[in-house]
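Protein chains get the first letters and strands the later ones, always in sequence-line order, with residue 1 at the start of each. This one's a predicted model, so the numbers in the text were calculated from it and none came from an experiment.
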Amino acid sequence: MKISNWGNFPVVDVQVDSVSTIPEIQSSVLESVECIARGLGRCYGDSALAAKIIDMQGLNRILSFDPQTGIVECEAGVSLKDLIDVFLPKGWFLPVTPGTKFVTVGGAIASDVHGKNHHKVGSFSSHTLSFTLLTENGEILFCSDNQNKEIFHATFGGMGLTGIILTAKVQLKPVETAFIAQETVKVKNLEHMIEVFEQSEPFTYSVAWTDILSSGSSLGRGVMIRGEHATLDQLNEKQKLTPFTIPKKPTVTLPFYLPQFVLNSLTVMAFNALYFGKTPAGTNKSIVDYDSFFYPLDIVHQWNRGYGKRGFTQYQFVIPKESGLNALREIYTAIQQSGQGSFLVVLKLFGEQEGILNFPKRGYTLALDFAIKPQLFPLLDALDEIVKKYDGRLYLTKDVRMSKDMFDFGYPQRELFETIKKTTNVTGRFSSLQAKRLGL
Amino acid sequence: MSTNNKLVLVIGSTSDIARATVKEFAQNGYSFILAARNPEQAERDAKDIAIRFSVECFVKELDVAKLETHTAFVDSLSALPEIVICVAGYLGNQELAQADTIEAEKILVTNFNGCISILSPLAERMKQRGSGCIIGISSVAGDRGRASNFYYGSAKAGFTAYLSGLRQYLGQFGVSVLTVKPGFVATKMTKGLPLPKPLTALPEEVAKDMFRAYTKGTSVLYTRWFWRYIMLIVKLVPEFIFKKVKM
């Protein structure tokens with residue numbers, strides 16, 4: 001069947017095998033020449049595409065939960081939304097969450113997703129205690145810091161290439177409410193932004209929206225959004241009665257693809273001006289629910305159709321902290337000169353991160369959405385050169401086009417990864433279009 | 001045997017329709033006994049349901065095709081459930097069944113003899129108690145035998161007739177019987193079959209329809225709803241024409 005991931009590009013016509021038990025996965029793997037596991041398909045490009053896709057959404061059982069420690073064990077197809085729905089009412093929240101709750105636990109591990117609290121607590125791998133992994137010969141390995149340690153670490157950010165994650169144990173974190181005490185800070189330009197990020201380090205959560213198209217003295221203006229889990233006494237009287245219940249929001253589904261011209265640099269500029277304009281000056285505090293704070297875009301299902309039928313991609317890189325100002329200025333300027341606007345631009349300061357293929361490292365990460373069109377690829381190639389110059393790298397989960405060179409440059413531990421991968425994926429049965437492109 | 005008015009016994013609990021049905025009833029506060037041939041797999045489902053919905057969920061091993069074990073199974077139940085849902089089924093392979101009596105028998109036993117064998121003692125106890133509901137998952141395939149799957153179809157036809165008779169028999173004793181006739185459903189059982197997408201339901205839709213039909217006291221449920229009319233037309237075609245049609 002025809003299938004694509006979140007960016008709607010590329011679209012491929014391949015076999016999709018939906019499974020709901022471990023024995024089904026074993027036989028599906030053993031009878032395939034080349035396959036890759038896929039959860040909710042929220043990677044943007046070709047990471048979860050292969051000649052045969054094993055659709056893991058049916059493997060979605062929660063197997064145990066310890067209310068004393070907050071450790072949950074579940075099958076890989078359980079979504080982060082499921083975990084919130086089941087455990088937030090009991091006072092537990094995700095230790096790390098990306099900008100959408102529509103990802104599976106298996107996907108979160110394979111991509112080693114990060115969140116707005118990366119600088120404080122690291123990525124999803126930092127809170128995954130163990131998992132079981134299916135190797136290409138159908139064997140099931142228990143992996144943790146004590147057993148199969150190398151495979152354990154290579155699987156985080158390993159894009160499903162070390163095997164299929166079947167179950168995982170994740171440490172949740174205790175919260176008093178379902179709300180966030182949020183602060184927004186209006187930021188006038190890039191220098192100011194760097195300053196505000198430095199000041200925001202003590203906050204648990206921090207992320208900035210930034211206007212990619214403003215120039216001159218307001219180049220890199222934006223809004224810093226930071227926050228802490230709200231305590232019970234920060235809630236109003238009504239919220240205090242049911243601190244884990246948030247107001248129901250109507251969700252809408254974008255029913256069809258918008259024509260590509262809808263999101264162009266003019267509309268992006270207008271939107272940015274409006275958004276920036278409506279943000280009050282200085283610092284502003286409010287109590288918001290977790291959904292609005294973490295998942296503002298989840299309210300519009302299929303928002304990815306907004307970029308048109310040709311699809312879109314997200315370009316996300318990280319560059320070391322000390323090069324932040326110069327590198328970002330160069331990137332912003334290059335995008336402005338190209339005349340290609342990016343609607344959604346998110347900036348974040350990462351903390352340290354150990355790992356093999358994990359994306360985060362200490363420094364600034366910027367994520368930009370671009371509609372797919374022929375002119376885009378030369379722009380992204382040019383951005384690659386800047387990222388390279390400043391010793392940065394790109395996020396595999398968002399990528400759909402990076403060159404093998406760019407990958408080799410950004411991920412110096414790729415050889416180690418390949419050595420470890422060969423122990424569980426000897427003949428390369430687990431492979432994806434992305435892996436082939438990158439020679440992984 | 002004690003009784004529990006929020007307890008559901010699910011026969012054949014590891015199927016996709018059963019899993020979706022359990023979730024639907026769990027949302028409404030029911031507890032469960034999951035009866036399955038593969039208790040290890042059912043145990044995983046049970047843990048999931050218990051954690052997600054904070055309801056009790058037990059597992060008991062049961063092979064619908066092993067008729068001789070059924071009385072002991074019913075005797076071993078600690079409480080007589082309020083609702084029994086029989087989801088056990090086996091689509092089988094029509095061509096194989098035509099060539100091989102073992103496959104034919106497996107289709108008949110799983111979909112007909114086995115279901116009747118396990119439901120009958122439960123029905124008797126519900127009758128004595130004077131309350132309860134039996135939900136049987138039959139199929140639109142039982143409405144008229146067709147060349148492409150008449151082993152499965154005839155077993156389901158028999159099961160439909162059994163449920164219809166049971167309904168008449170138990171009605172005066174306060175026990176209701178719901179016959180569920182799904183059309184195409186995207187499940188493990190139909191994996192690989194070229195089902196037409198617009199006509200194919202998800203197991204969750206079937207489960208929702210079933211719960212609604214249970215609360216309304218419906219006797220026969222077609223799901224999706226339009227199958228009632230498709231099958232009506234199929235049934236109305238005169239035999240001299242029907243026998244020349246490829247279906």
Side-chain angles (χ1 to χ4, degrees), chain A residues 1-3 15-28 31-32 52-92 105 132 140 166-170 172 244, chain B residues 10 12-24 26-29 32 34 36-59 87 89 91 184-198 200-207:
Chain A
M1 65 183 267
K2 283 198 173 154
I3 193 163
Q15 187 193 348
V16 178
D17 193 4
S18 299
V19 293
S20 61
T21 66
I22 290 168
E24 282 171 53
I25 299 172
Q26 279 169 315
S27 43
S28 187
E31 70 198 22
S32 61
K52 175 164 158 187
I53 289 171
I54 302 187
D55 178 350
M56 301 285 290
Q57 291 179 74
L59 192 80
N60 61 354
R61 297 166 191 85
I62 299 171
L63 299 173
S64 72
F65 177 68
D66 182 343
Q68 304 301 316
T69 60
I71 295 172
V72 59
E73 183 186 12
C74 64
E75 292 179 334
V78 169
S79 71
L80 298 191
K81 177 186 186 294
D82 284 346
L83 293 181
I84 296 173
D85 289 348
V86 176
F87 297 112
L88 185 56
K90 302 184 203 296
W92 297 91
V105 168
T132 53
I140 297 173
L166 300 173
T167 65
K169 262 192 186 166
V170 178
L172 301 180
F244 295 114
Chain B
V10 184
S13 73
T14 57
S15 81
D16 291 329
I17 290 181
R19 276 185 76 196
T21 303
V22 168
K23 283 193 175 171
E24 188 64 30
Q27 273 171 14
N28 292 283
F32 302 90
L34 305 183
R37 203 178 33 175
N38 180 347
E40 293 88 53
Q41 188 57 44
E43 202 62 65
R44 296 174 84 87
D45 291 330
K47 285 177 182 163
D48 180 55
I49 293 299
I51 295 170
R52 279 179 196 257
F53 302 100
S54 304
V55 297
E56 287 190 307
C57 201
F58 306 101
V59 170
V87 199
L91 185 59
F184 297 139
V185 188
T187 65
K188 275 183 279 202
M189 193 171 89
T190 59
K191 197 154 117 178
L193 298 181
L195 302 183
K197 227 180 168 183
T200 305
L202 295 172
E204 289 75 18
E205 295 178 64
V206 172

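Checked against side-chain contact (heavy atoms from CB on, under 4.5 Å), B:F53 has the following partners two or more places apart in sequence or in another chain: B:K23, B:A26, B:Q27, B:I49, B:V55. Judged as a side-chain contact (heavy atoms from CB on, under 4.5 Å), and not counting sequence neighbours, the contacts of A:T69 are A:D66, A:I71.
With B:R44 contributing its side chain and A:E75 its backbone, the two residues share no donor-acceptor pair below 3.5 Å.
In this structure, no portion of A:V72 lies under 4.5 Å from any heavy atom of chain B. When heavy atoms are compared at a cutoff of 4.5 Å, B:S54 approaches chain A solely by way of its side chain, counted from C-beta outward.
Contact record, B:R19 with A:G58: NH1-O, 3.2 Å, taken as the closest heavy-atom pair. Considering every non-hydrogen atom in both B:I51 and A:F65, the closest pair reads CD1-N, 3.9 Å. Closest approach of A:N60 to B:D48, counting heavy atoms only: O-OD1, 3.8 Å. Considering every non-hydrogen atom in both B:D16 and A:S20, the closest pair reads OD1-OG, 3.9 Å.
Of the listed residues (B:Q41, B:K47, B:R52), the one with the most heavy-atom contacts under 4.5 Å to chain A is B:R52.
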